[in-house]
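For reference, the structure discussed in these notes is given below.
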Amino acid sequence: MAYYNIYPVLALYLSCFASLSSAQDLKLPLKSVNLGNWLVVEGWMKPSLFDEIPNKDLLDGTKVQLKSTKLQNYLAAENGGDSIVVINRTAASDWETFRLWRIDENSFNFRVSNKQFVGLSSEGTNRIVAMRDAPGDTETFLIVRKDGEPNRIRIQASNGLFLQAISDTILTADYGGSGWDDSDPSVFTMTIVGSLQGEYQIANGYGPDKAPQVLQDHRNSYITEEDFRFMSSNGLTAVRIPVGWWIACDPTPPKPFVGGSLQALDNAFTWAQKYGLKVIIDLHAVQASQNGMEHSATRDGYLEFGDSSIQDTVEVIDFLAERSNAFKFSHASVQYTHTHTLMKRDCNQQMCRYAKNPALGAIELINEPWAPLVTLDTLKNYYKAGYDAIRKYTSSAYVILSNRLGPADRKELLSFAQGLSKAVIDVHYYSLYSDMFNGFSVQQNIDFIYNQRGSDLAAVTTSDGPLTFVGEWVAEWAINGASMEDYHRFAKAQLDVYGRATFGWAYWSYKCQYNHWSLKWMIENNYIKLN
Ligand SMILES: *[C@@H]1O[C@H](CO)[C@@H](O)[C@H](O)[C@H]1NC(C)=O
């Protein structure tokens with residue numbers, strides 16, 4: 001023992017060395033659960049997290065349509081953008097929909113369907129146009145809401161004057177009056193037709209003064225050591241942990257993101273080791289967004305992940321695999337370089353994470369890339385580079401490749417993955433999100449699992465190919481008021497079928513405001529029994 005006291009670093013080194021082959025201890029197939037809404041926020045799972053945000057219905061990515069009360073027409077970006085803003089539409093669709101970028105609780109940019117921003121014309125005419133690709137002062141507007149009638153608004157431009165509807169085709173920022181009458185040319189009704197509640201929205205909604213505390217409290221309380229004890233004692237063998245790209249910039253990620261998720265992931269590894277669980281790190285949110293969903297931490301719902309995103313994203317994977325001590329994004333569009341002196345100290349104390357941590361089971365390179373906007377070629381290029389990055393540090397951790405969602409061949413990654421050692425294909429099976437399920441009876445739902453999902457899974461589970469993982473599923477369906485026995489049978493059908501996945505499965509999620517989406521609740525209330 002004296003030896004260890006004198007040479008603590010060497011002791012750690014030796015213990016790491018001894019655990020080099022640890023990922024091979026993995027008992028497959030895994031029975032795991034997603035720690036959703038922990039390190040990547042999804043508001044639908046716990047809406048109260050957003051409660052204290054001022055103007056919380058006007059977060060980044062909120063889609064609004066604006067109608068002039070005087071002209072009784074909607075505003076539209078003519079041609080979808082790169083042109084003037086007109087007021088001659090009697091019905092609203094894409095060109096009449098504006099996505100907010102929140103500057104502060106009252107100030108916003110408006111992004112049009114072709115992605116330009118609404119602003120003052122650069123010709124000095126006070127005309128409102130949608131021409132700029134990046135927002136500046138002249139693209140920033142104050143939304144003034146009427147007391148007691150928050151969707152009746154006036155919009156103040158950067159010149160201090162209000163927008164007014166002069167005619168069907170002339171919208172200007174030159175109105176100095178005030179008033180809320182229908183006949184007032186500066187009054188608009190605002191209809192919210194879509195919104196996002198992801199990590200970007202919560203962080204930017206609370207802003208730099210409040211967001212760090214809110215998110216730290218959430219990360220400290222939402223998942224604790226007690227949860228790992230619960231999971232372990234109730235038959236689970238692993239956790240899939242969604243993380244966002246900003247974890248690689250901890251402790252000071254670019255705004256509005258907030259540091260601290262790395263510490264939480266460290267805690268998860270410590271608890272996983274203590275309770276004998278494996279960790280699957282899942283890069284759920286990548287820069288530029290791979291699916292436009294709030295759980296990708298998108299600002300406004302545009303999917304922009306492409307070839308130019310690959311290098312930065314591989315660096316995040318590289319960081320997660322080894323927690324390298326100097327991290328920087330190399331992509332020119334990202335305006336910062338971050339050297340992690342704090343982390344360096346940390347890493348020296350614990351030389352064996354994450355690649356050599358015995359609790360590491362797998363790293364998933366990206367969650368739910370969306371076809372066709374994320375092309376198969378882009379995805380394969382990324383997967384190859386991400387796989388190589390992980391293999392620099394570990395030959396034993398599994399590398400998980402998520403199938404594309406949307407119109408994609410579910411077998412499209414099989415031949416590619418065949419050339420990789422310890423590769424896993426992730427498929428997500430929900431009996432939701434498609435009209436097909438509306439009107440399904442209980443029995444039809446159960447039959448669908450045994451027949452359709454059974455053959456779907458069999459089609460990707462080949463004897464010489466990658467392993468398979470049902471990385472997300474839930475015992476919830478498009479039926480209201482089903483009995484406990486119905487739910488029990490539905491869950492059992494999925495456990496039977498997804499139990500054939502060679503790598504395993506992961507329930508979505510561990511905790512959620514909706515009981516059936518919470519595996520913790522399902523276990524506590526005897527809907528699901530794993531032991
Ligand atoms: C709206 O105004 C623009 C610009 O004058 C014109 O090109 C467009 O056809 C008009 N649309 C409708 C529906 O009136």
Side-chain angles (χ1 to χ4, degrees), residues 57-58 60-103 107-146 149-195 292 300-304 373:
D57 58 341
L58 299 182
D60 289 278
T62 299
K63 292 180 182 173
V64 300
Q65 294 169 348
L66 302 166
K67 189 178 193 176
S68 158
T69 56
K70 181 173 183 209
L71 302 182
Q72 284 295 308
N73 282 335
Y74 288 98
L75 262 59
E78 195 55 41
N79 299 324
D82 216 12
S83 180
I84 57 173
V85 176
V86 293
I87 326 152
N88 64 5
R89 300 309 208 289
T90 52
S93 174
D94 286 1
W95 292 3
E96 294 76 31
T97 301
F98 302 87
R99 299 182 190 205
L100 300 182
W101 279 23
R102 180 168 163 132
I103 308 304
S107 306
F108 302 87
N109 308 135
F110 293 84
R111 201 175 195 194
V112 302
S113 55
N114 286 354
K115 296 191 180 175
Q116 292 88 0
F117 291 86
V118 173
L120 277 172
S121 163
S122 57
E123 287 157 19
T125 56
N126 292 331
R127 285 288 292 272
I128 298 298
V129 298
M131 305 285 280
R132 291 246 166 103
D133 292 331
D137 280 354
T138 52
E139 285 69 44
T140 302
F141 298 89
L142 209 62
I143 294 181
V144 181
R145 311 181 90 165
K146 186 181 179 199
E149 209 180 331
N151 288 334
R152 199 171 179 87
I153 66 167
R154 303 173 74 228
I155 304 168
Q156 193 175 24
S158 58
N159 62 5
L161 299 170
F162 285 91
L163 266 53
Q164 66 165 326
I166 302 233
S167 75
D168 274 10
T169 53
I170 303 181
L171 179 68
T172 55
D174 54 1
Y175 191 73
S178 63
W180 290 107
D181 291 344
D182 275 0
S183 59
D184 189 305
S186 71
V187 174
F188 300 88
T189 52
M190 174 173 69
T191 308
I192 294 174
V193 296
S195 59
D300 60 16
Y302 286 120
L303 185 170
E304 294 179 320
L373 287 178

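Both ligands and their constituent atoms are indexed starting at 1 by order of listing.
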Tell me whether the guanidinium CZ or amine NZ of Arg99 lies under 6.0 angstrom from the six-membered ring centre of Tyr302 and within 45° of its axis. yes
Which residue and heavy atom of the protein sit nearest atom 4 (C) of ligand 1, plus the separation: Thr169 CG2, 3.8 Å
If you apply the rule side-chain contact (heavy atoms from CB on, under 4.5 Å), what do you find for Glu304 with Lys115, and how did you get there? CA-CA 11 Å; Glu304 294 179 320; Lys115 296 191 180 175; 2.8 Å; yes
Separation of Thr69 OG1 from Phe188 CZ (nearest 0.5 Å): 7.5 Å
Which residue and non-hydrogen atom of the protein lie closest to atom 10 (C) of ligand 1, and at what distance in Å? Asn88 ND2, 2.5 Å
side-chain hydrogen bond (donor to acceptor under 3.5 Å, both in side chains) partner of Ser186, chosen from Lys70, Arg154, Gln164: Arg154
Atom 9 (O) of ligand 1: which protein heavy atom is closest, and how many Å away? Glu78 OE2, 4.6 Å
Counting only non-hydrogen atoms of the protein, does one fall under 4.0 Å from atom 2 (O) of ligand 1? yes
